[in-house]
**Student:** 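My structure is below; once you've seen it, I'll send some questions.
Start at 1 and go down the list; that is how both ligands and their atoms are numbered.
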Amino acid sequence: MKKKNLIFDSSTMSKTNVFLLFMLLFCSSLAFLVQASVTYDHKSIIIDGKRKILISGSIHYPRSTPEMWPDLIQKAKDGGLDVIQTYVFWNGHEPSPGKYYFEDRYDLVKFIKVVQQAGLYLHLRIGPYVCAEWNFGGFPVWLKYVPGMEFRTDNGPFKAAMQKFTEKIVGMMKEEKLFQTQGGPIILSQIENEYGPVEWEIGAPGKAYTKWAAQMAVGLDTGVPWIMCKQEDTPDPLIDTCNGFYCENFEPNRKTKPKMWTEAWTGWYTEFGAGVPYRPAEDMAYSVARFIQNRGSFINYYMYHGGTNFGRTSGGPFIATSYDYDAPIDEFGLIREPKWGHLRDLHKAIKLCEPSLVSADPTVTKLGNNQEAHVFQSKSSCAAFLANYDPKSTATVKFANSQYYLPAWSVSILPDCKTEVYNTARLGAQSAVRYMMPSGSEFDWQSYNEETASADDTDASTMFGLWEQINVTRDATDYLWYMTDVNIGANEGFLKNGQNPQLTVMSAGHVLHVFVNGKLAATAFGGLSNPKLTFSENIKLNAGVNKISLLSVSMGLPNVGVHYETWNAGVLGPVTLKGLDEGERDLSKQKWSYKVGLKGESLGVNTLTGSSSVEWVEGSLVATNQPLTWYKVTFNAPAGNEPLALDMSSMSKGQIWVNGQSVGRYYPSYTARGKCYDCDYAGIYSGTKCLSKCGEASQKWYHVPRSWVKPSGNVLTVFEEMGGDPSGISLVKRTTGSVCADVYDSQPTLDSLENKAAKPKAHLSCPQGQKITEIKFASYGWPKGRCGYFSEGSCHAHKSYDAFQKVYMVRKDLLQNCVGQQSCSVTVAPEVFGGDPCPNSIKKLSVEALCN
Ligand code: GAL
């Protein structure tokens, strides 16, 4: 029998059948298209045809090293993240026009592939304006000098450059098949960044630019949605998203778009001269739970790992070198507890609710004055969020015929509308005490004196008047010397009466060291909120020629503000001398000599090859407390694999290099202003609510990535501007001293969904390679204090320690429950601690275990 082609032989099929088959093929090809694409509707981002609740976290690739990336991303995955979000840092990738750099910390493709290998998605915020406390908001400095340039507006040269770079990045991603439509991890992109406030200020050209940027982005045909953040008039089909400490009340500009939170701030950045911000885990979790209960479907932690502003990448000015951000993974790549664990548990609870969240809209009912239930009831599932917005009082609420206890400022999550598995204010996760342990490295310093430049230097260029700093340096260095001569007649009155004249120097910023006849007279400095400074002091001048040398130092270029490209730095004047016989002498318009950078920089003394080009002194000749000094030492890597840092508290201000790589600017002498108060998790959070380190250095430790250090023969170079004691510098290892758990016996637990009678557990886990050596504290009852500072309360179970120290037999082996183990778990219930020490009361267990 002749074989028949089933599809095309119409003799075997009715017309209806052919039509049905055609429809089937058409639909399946459509299904394939849907599967391979990322779309969205009013509920959520849709991947592979499925609505998703997505948990994302920011990790900026140049703020860590490629060696750290796999571990950071694995920790993010273990923390319950689905997506990694990063900006793209234009000035790192195109240091000069058309010359691209994608190596080492700037290996964007490699970073994205690490994310892909971990099985996570990626959100690529191309910008190319990024803000991010990054030098110049991510723009290359050369961009400012393109003729006719105006940043972030309807400006031809700007749009051309922005489009060229955006196309370059999208092209690279396509070539590497990194978009989801090509089988890659990128599910979302971003164009611009928080343009709304700028558009609002500049009006019509801003509106035109927004439209252009959206069209340009969509035209690049990436196959995945674009977003614009903090921009109410985001054009379709781009999604407008929210950034902030809280976003529960945000609504996208169309009912067809999902509610997304692209920057949920986990803490805040540190500036030199200010306290170090932190954000309690309870409030972080509360803000996320509120967003999700109000129909939010995408949340990104900014930052999940903040990292380090290596080199001269920090913006501001005055943004610290540490960009730790109090993120769930700390600057050094270690998980920060209890924040990391508390959020991991939150993500688990949210994922248990996902089927209901993506299919139903919430019904909101009042449970009390300040309490609400948000119920997502679908055909086959139900999830509820019970919220207590009261910042002061706890509440017991009745919901679906049961009673629930809600701590102040908290949300409880019930994935089946019955069983409470999580409350944002009840920390089930362990906390840890970390400290910096001396590494034992002994430093035998050498020093080399940087010369104070003077107007006589042959390599100085001479001009009349005062010049703007960045126009001269093009930001190739932090340093610009302004030098001039001041002639004092032999008969000047002050030479006899001893009343030294007053030198006043007005500068646009950021730091100014004033040298008179080669000696540092004083330093003046600005800050992040006002980089401008005025130096005004009486100075000692001699009869004849006096050398005034002003070293103006940049602390990073601004990264935010309308037309921040027009902001100035350096000594713009006036510069005056008061108290002379002639009255006031204006030095501003006279002859000034300029020198870009330090002599040591031009000789490359901070590099491995250049450091031998100068004569270093050692032993007792090493300079201490002397301004403008280079220091150098050779050292071996400390044993172990703990993260490393340099304690710079004995120094004042300068820069650090390890094996020629720049660690960044240090400035421990700029101590944190203001007062730090005890901070309660409850109540509205802001970047200044919870601060630490007031009165101390804003940053004392500087991260040295392990991968920069070889087993032996490493060179550490320091340039000190103001004077310090190098013998106080030490290399330290970031070490976990102890871990703690602090768990209520009535606390909801994720296990209770499967086993209603499940009791909460205290989990203790020392980092890999360490073990629990001792139980420092254990109390079941009403213990007080926090990790590292626990004490017994008036109710205490006498067998509190036993559960952790108990020795028991498994087959023939004697085992200890916790001591000697890397990790252990103990159920929090009266019987475990020898009975109820105070019946009919809420009790908790606090325990601290030492790790070694
Ligand atoms: C946002 C901005 C981020 C970052 C953050 C503060 O407004 O989009 O890039 O600057 O503020 O850390």
Side-chain angles (χ1 to χ4, degrees), residues 56-63 84-92 123-139 151-152 188-201 210 213 226-232 234 238-247 250 260-272 274-279 284 287 298-309 313-329 331 528-529 556-562 564 685-691 698:
S56 171
S58 292
I59 299 179
H60 295 156
Y61 51 96
R63 285 179 156 143
I84 301 295
Q85 187 204 67
T86 183
Y87 282 127
V88 176
F89 297 86
W90 186 0
N91 51 14
H123 177 194
L124 193 66
R125 305 174 90 189
I126 299 179
Y129 167 71
V130 299
C131 193
E133 291 69 71
W134 189 261
N135 199 40
F136 225 27
F139 288 150
F151 285 1
R152 304 180 76 205
L188 289 166
S189 304
Q190 176 179 308
I191 197 76
E192 250 297 339
N193 187 76
E194 296 197 334
Y195 190 65
V198 178
E199 186 187 294
W200 189 83
E201 246 179 83
T210 298
W226 286 91
I227 65 121
M228 278 185 164
C229 60
K230 222 188 214 177
Q231 170 116 29
E232 281 172 17
T234 295
L238 283 77
I239 309 167
D240 57 318
T241 64
C242 183
N243 293 346
F245 288 116
Y246 304 92
C247 275
F250 165 82
M260 297 171 66
W261 188 3
T262 33
E263 287 182 27
W265 297 326
T266 52
W268 201 237
Y269 54 79
T270 300
E271 61 182 90
F272 285 125
V276 178
Y278 63 95
R279 183 176 188 185
M284 188 71 239
S287 67
F298 177 100
I299 126 105
N300 175 74
Y301 295 102
Y302 186 100
M303 300 295 296
Y304 196 74
H305 167 256
T308 310
N309 294 314
T313 59
S314 64
F318 290 97
I319 296 295
T321 295
S322 167
Y323 199 63
D324 179 84
Y325 222 89
D326 196 36
I329 304 178
E331 175 179 7
L528 172 60
S529 52
L557 302 188
N559 58 276
V560 65
V562 175
Y564 66 77
Y685 180 78
S686 76
T688 50
K689 179 180 172 187
C690 306
L691 297 173
S698 302

**Student:** Applying a heavy-atom cut-off of 4.0 Å, say which part of Y129 lies close to ligand 1: side chain, backbone, both or neither.
**Tutor:** neither
**Student:** Report yes if some N/O of C131 lies less than 3.5 Å from some N/O of ligand 1; otherwise report no.
**Tutor:** no
**Student:** How about Y325 and Y304: are their ring centroids closer than 6.0 Å?
**Tutor:** no
**Student:** Please check whether Y269 reaches ligand 1 - meaning an N/O of the residue sits under 3.5 Å from an N/O of the ligand, judged on distance alone.
**Tutor:** no
**Student:** Let me know which of N300, N193, N243 forms a side chain to side chain donor-acceptor pair (under 3.5 Å) with T262.
**Tutor:** N243
**Student:** Can you tell which of T313, N309, T308 makes a side chain to side chain donor-acceptor pair (under 3.5 Å) with R63?
**Tutor:** N309
**Student:** For the cysteines C242 and C229, is the SG separation below 2.5 Å?
**Tutor:** no
**Student:** Could you see which bit of E263 sits under 4.0 Å from ligand 1, with heavy atoms only: side chain, backbone, both or neither?
**Tutor:** side chain
**Student:** Check this for me - ligand 1, Y87, N or O atoms closer than 3.5 angstrom, yes or no?
**Tutor:** yes
**Student:** Heavy-atom contacts with Y325 under 4.0 Å: which atoms of ligand 1 show up? List them by number with element.
**Tutor:** 6 (C), 12 (O)
**Student:** Could you list the atoms of ligand 1 found under 4.0 angstrom from a heavy atom of E194?
**Tutor:** 1 (C), 2 (C), 7 (O), 8 (O)
**Student:** For ligand 1, does N193 get within less than 4.0 Å through its side chain, its backbone, both, or neither, judged by non-hydrogen atoms?
**Tutor:** side chain
**Student:** Should E133 be counted as touching ligand 1, given the test is an N or O pair under 3.5 Å?
**Tutor:** yes
**Student:** Is it the case that the side chain of Y129 and the backbone of Y195 share a donor-acceptor pair, with hydrogens and angles ignored and the cut-off at 3.5 Å?
**Tutor:** no
**Student:** Aromatic contact between F245 and W268, with the criterion being ring centroids under 6.0 Å apart: yes or no?
**Tutor:** yes
**Student:** Can you tell me how the ring of Y564 sits relative to the ring of F151, calling it parallel under 30°, perpendicular over 60° and tilted otherwise?
**Tutor:** perpendicular
**Student:** Just grab all the salt bridge (charged side-chain N to carboxylate O under 4.0 Å, His left out) pairs involving residues 123-132, residues at least two apart or on different chains.
**Tutor:** R125-E263
**Student:** I need the atoms of ligand 1 closer than 4.0 Å to a non-hydrogen atom of Y323, numbered in the order shown.
**Tutor:** 12 (O)
**Student:** Within ligand 1, which atoms have a heavy atom of Y302 less than 4.0 Å away?
**Tutor:** 3 (C), 4 (C), 9 (O), 12 (O)
